[in-house]
Protein chains: 2
Amino acid sequence: MKARAADLAPRLQHVEDQFVELWNNMANLWGISPTMARIHGLLYITGAALSMDDIMDRLAISRGNVSMNLSKLVEWGLVRRVHKKRDRKEYYESLHDVWEMFTLVASQRKRRELDPIINTLRRCKEQLAPESLGPKAAEEAPRARLQRINDLLKFLTLVDSLAQRFFESHRGLREAIELLAQE
Amino acid sequence: MKARAADLAPRLQHVEDQFVELWNNMANLWGISPTMARIHGLLYITGAALSMDDIMDRLAISRGNVSMNLSKLVEWGLVRRVHKKRDRKEYYESLHDVWEMFTLVASQRKRRELDPIINTLRRCKEQLAPESLGPKAAEEAPRARLQRINDLLKFLTLVDSLAQRFFESHRGLREAIELLAQE
DNA sequence: TGCACCTTTTAGTTCTGATTGAAAATTGTA
DNA sequence: TACAATTTTCAATCAGAACTAAAAGGTGCA
């Protein structure tokens with residue numbers, strides 16, 4: 001099938017819409033809200049710096065909603081504000097590098113979600129420590145629970161330290177991992 | 001602080017409650033619903049085989065809700081049904097191994113979430129392929145979009161293949177990873 | 001400085017998905 | 001087989017998150 005030039009724009013837009021919808025579905029996986037994801041998807045796929053109005057029109061989202069979600073995206077570091085000369089509007093542009101986006105999201109989720117969990121677990125652990133339970137603490141029930149908390153803690157601190165290591169040097173690791181995957 | 005035997009049970013319960021609450025907070029990270037997570041948390045931390053009534057009472061959740069969430073947990077493979085002799089009730093018991101639980105959750109999320117995304121991306125890619133765009137396809141816009149879709153696809157297939165590899169042999173990998181983390 | 005243009009905030013509304021309770025279905029036992 | 005115990009299903013309800021529209025707040029230019 002050959003496309004005339006006039007067909008190109010709507011077809012491109014159709015692909016972009018599919019992509020935005022895709023990003024919407026990915027929201028859960030990335031742990032961000034669907035609308036935030038859609039906006040980011042649009043910015044990523046077009047590669048352009050868009051204004052709030054552009055986004056409102058294209059995705060049929062209210063101004064306030066776009067505003068709030070854009071600030072969150074900027075806060076996450078996935079999107080940058082850009083100023084155009086002779087234009088008072090602000091424009092927004094997505095990062096381009098997939099690895100960088102992934103690292104940003106992952107490191108923030110670690111900080112917001114994983115770290116507090118590990119802290120709470122440590123607190124649970126203390127409460128079950130033999131010295132805080134008195135001499136009878138050799139009983140079955142607390143010992144078993146302590147064991148399970150320890151298993152979990154061990155696993156999560158492992159994940160934590162691997163993640164940390166990755167964030168600190170993902171540029172270098174990237175090649176290594178890509179090689180590893182091809183093997 | 002020394003604890004008398006009588007103090008032990010309520011204190012243990014208090015720690016368990018904290019743990020269930022923690023699991024509740026982890027739900028988002030694991031991609032399961034909070035109530036499902038709380039039920040699983042209770043089963044994991046107590047290490048016991050509990051009946052629906054036990055769970056209803058302990059977590060203050062309705063019977064229907066417990067029933068639905070337990071089936072989902074069984075479906076995910078995180079919880080097993082167990083039968084006790086001379087008792088018509090069914091009892092439910094969590095897996096104990098943290099790595100196994102993680103692998104189960106991750107492999108299912110991959111199948112439910114990641115795989116469809118990769119498929120959709122491939123479809124987007126085809127629609128932007130030069131041959132489907134006609135002779136004028138060398139234009140800037142589609143080329144740039146195709147590039148970004150390819151970047152993404154490359155990243156996601158990489159994640160996919162690493163995950164696959166992990167699921168197939170996490171028992172072996174486990175030791176290697178633990179060593180790596182200590183380095 | 002004041003105005004016109006944009007963005008942010010917020011109070012109220014809408015929507016989605018979770019939860020309940022009770023009826024229906026199932027299961028095991030006498 | 002019948003019945004009592006238990007689980008599942010499902011329509012109605014509820015709660016919280018997301019969204020909107022409009023008012024308030026900034027910002028840069030004349």
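Because only heavy atoms are used, hydrogens play no part in the values below, and waters and symmetry mates are left out as well, while side chains stay in. Residue numbers start from 1 in every chain, and the chains themselves are labelled A, B, ... in the order their sequence lines are given, proteins ahead of strands.
For the pair B:I61 CD1 and C:dT20 C1', the computed distance is 12 Å after rounding to whole Å. Atom CG of A:N69 is separated from atom P of C:dT7 by 15 Å (rounded to the nearest Å).
For the atom pair CG of B:L43 and CD1 of B:I55, the computed distance is 4.5 Å after rounding to the nearest 0.5 Å. Distance check: B:L73 CG to B:H40 NE2 gives 6.5 Å after rounding to the nearest 0.5 Å. For the atom pair B:M36 CE and B:E75 CD, the distance stands at 8.0 Å (nearest 0.5 Å).
With salt bridges taken as basic N to acidic carboxylate O contacts below 4.0 Å, none links A:R38 and A:E21. Here B:R80 does not pair with B:E93 in a salt bridge; the nearest charged N to carboxylate O distance is not below 4.0 Å.
Protein chain A contacts DNA chain D from D:dA18 to D:dG28, reading 5' to 3' and using non-hydrogen atoms of the protein with a distance under 4.0 Å.
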Under a 4.0 Å heavy-atom criterion, the protein footprint on nucleotides 21-30 of chain C, written with B, S and -, is B-----BBS-
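Between A:R11 and B:Q127 there is no side-chain heavy-atom pair separated by less than 4.5 Å.
Near DNA chain D, meaning a heavy atom under 4.0 Å from it, residues 28-54 of chain A has A:S33, A:T35 in order of number.
Under a hydrophobic clustering in which Ile, Leu, Val, Met, Phe, Trp and Tyr are joined whenever their side-chain heavy atoms come within less than 4.5 Å, directly or via other members, B:V159 and A:F167 fall into the same cluster. A continuous path of ILVMFWY side-chain contacts below 4.5 Å connects A:L114 to A:L158, so both sit in one hydrophobic cluster.
A cation-pi arrangement is not found for B:R109 relative to A:W30, the charged atom failing to lie both closer than 6.0 Å to the ring centre and inside a 45° cone about the ring normal. At least one cation-pi condition fails for B:R148 and A:W23: the charged atom is not both under 6.0 angstrom from the six-membered ring centre and inside a 45 degree cone around its axis.
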